[in-house]
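Everything numeric in this text was worked out from a predicted model, so none of it was measured. Ligands are counted one by one from 1 in listed order, and the atoms in each one are counted from 1 as well.
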Amino acid sequence: MKIVSFVNQKGGCGKTTSAVNLAWQLAERGNKVILIDLDPQAHATMYLGINPNLSSADLFEEFIKNPSVDLNKFIHSRGDNFFVIGSSLGLSSMEQMLSSRSDKLEVLVQILNNISNKIFNYDYCIIDCPPNLGILTLNALLASKYAIIPLGICELSLRGVNNLHSILGMLAEFKFKVPSPFYLITQLDMRYKFSEIFLKRVKETFDGRLLSTMIRTNIHLREAADAGKTIFEYRRDSRGAEDYRKLAEEIEKLTKDISWVQFLLKANNLKEVYVVGEFNDWQKSENYKLRKLTPNTWFIDLPLRKGEYRYKFVADDRWFNDPLNTTVEDDAFGGKNSILRVS
Ligand SMILES: Nc1ncnc2c1ncn2[C@@H]1O[C@H](COP(=O)(O)OP(=O)(O)OP(=O)(O)O)[C@@H](O)[C@H]1O
Ligand SMILES: [Mg+2]
């Protein structure tokens, strides 16, 4: 099951609109999809016209009491292969309840481990997060392989991104598996000069991480939400529907046959660090340069196809194996190569 969260602490940037319409479109394309509304505002739940008697708040509460609880009763069907765990205001008190637990950040991981078993057999799980970086959002991040960060055309969307980066960095440092971030432009209107300037900046900043699909401003998206319908039920021929169709195609491609692998190096006093190996013909290049998270932590995640790869780090022209990976073999120069298996 591929788990994708929509996250940005900035409110109103298109998280819910994107989560709901992407999830629906992935289902229309033949995938079995479950959407989880993790926002106490319950906008995705309302968007889909669902009135859950049991919500994600009940799910958390009952799962904490009894991890073998029947998960089926929390899942509402909304079409042949589209399923929803709805939300309710009660979810806001869940943050408090979770905060005293030692596993407070990983309750959703445990729930989704149970949901991703063979009986349910979902292809995608899409999570709509609240507009903050609290415990619920952190649960979603740790459960996800991909985090999509919608960026409305405004400066404040970007400020939310900086905070999110710091949090991902901190989680990675504590050895949590963090999702790969991708950026999605929403509410794009090229009639405004500012859109062009904003777009240029975002392209420069996020480079390969900016999704090529951009969601244009479309009044029918707003009307669909008010009518409690997805854009595909409301106006299939609209620009909004067209954009979310393209997004679903892009996400399917992105998640299909690659895995994202994280490389982390802890070392002092380095100027720059690269990872080189069989996946890039042992060549140092900008695309394989690690980011400095803290003065002594370097990080990169890379999309790799299934297979086995030998690799090393190169830091300030010194080549060495990955100190955090115990799987090694001798190289031809009297040193060691690290070995990575991507499955
Ligand atoms: N591309 C678009 N064109 C026109 N209106 C849009 C578009 N995307 C979203 N909207 C509208 O903007 C408003 C905010 O969108 P949405 O609820 O998806 O944002 P959000 O990030 O989930 O907000 P919150 O942070 O409050 O959860 C909604 O009224 C929605 O209908
Ligand atoms: Mg929302």
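Residues Q9 and N163 bring a donor and an acceptor atom of their side chains to less than 3.5 Å of each other. One side chain, E28 or W24, offers a donor N or O that lies under 3.5 Å from an acceptor on the other. Side-chain N/O atoms of Y47 and N21 include a donor and acceptor closer than 3.5 Å. Checking N218 against E242 by side-chain atom types alone, no donor-acceptor pair falls below 3.5 Å. Looking only at atom types and distance, the side chain of Y311 has no donor-acceptor partner in the side chain of N337 under 3.5 Å away. One side chain, S180 or D301, offers a donor N or O that lies under 3.5 Å from an acceptor on the other.
The N/O atoms of I219, backbone and side chain alike, include none that comes under 3.5 Å of an N/O atom in ligand 1.
At a 4.0 Å heavy-atom cut-off, ligand 1 does not touch L188 at all.
Residue Y234 is tested with K229, E223, H220 for a side chain to side chain donor-acceptor pair (under 3.5 Å); the sole match is E223.
For atom 11 (C) of ligand 1, the nearest non-hydrogen atom from the set R222, K15, H220, R216 belongs to R222. Across R239, M214, Q187, heavy-atom proximity to atom 9 (C) of ligand 1 is greatest for Q187.
Looking only at protein heavy atoms, the nearest one to atom 19 (O) of ligand 1 is G14 N, 3.1 Å. The protein heavy-atom contact nearest to atom 23 (O) of ligand 1 is G12 N, 2.9 Å. T17 OG1, 3.7 Å is the protein heavy atom nearest to atom 15 (O) of ligand 1. At the top of the distance list for atom 17 (O) of ligand 1, counting protein heavy atoms only, stands T16 CB, 4.0 Å. Counting only heavy atoms of the protein, atom 3 (N) of ligand 1 lies nearest to N218 N, 2.9 Å.
Below 4.0 Å from some heavy atom of C13 lie the following atoms of ligand 1, by number and element: 19 (O), 20 (P), 21 (O). Short contacts between ligand 1 and Q41, defined as distances under 4.0 Å to a heavy atom of the residue, involve ligand atoms 24 (P), 26 (O), 27 (O). Contact atoms of ligand 1 toward G11: 25 (O) (distance under 4.0 Å to a heavy atom of the residue). Heavy-atom contacts of I215 reach the following atoms of ligand 1: 1 (N) (cutoff under 4.0 Å). Under a 4.0 Å criterion applied to the non-hydrogen atoms of D39, ligand 1 contributes the atoms 27 (O). Within the listing of ligand 1, atoms 1 (N), 2 (C), 3 (N) sit less than 4.0 angstrom from a heavy atom of L221.
R209 forms a cation-pi arrangement with F182, by the criterion of a distance under 6.0 Å to the ring centre and an angle within 45° of the ring axis. Both the sub-6.0 Å distance and the 45° axial angle are not jointly satisfied by K2 relative to the ring of Y146.
Distance remark: protein heavy atom not present below 4.0 angstrom from atom 28 (C) of ligand 1.
Between Y274 and Y288, the gap from one ring centroid to the other reaches at least 6.0 Å.
The Mg ion (ligand 2) does not have T17 among its coordinating residues (no N/O/S atom, backbone or side chain, under 2.8 Å).
Below 30°, between 30° and 60°, or above 60°: for F313 and F320 the angle between ring planes is between 30° and 60°, a tilted geometry.
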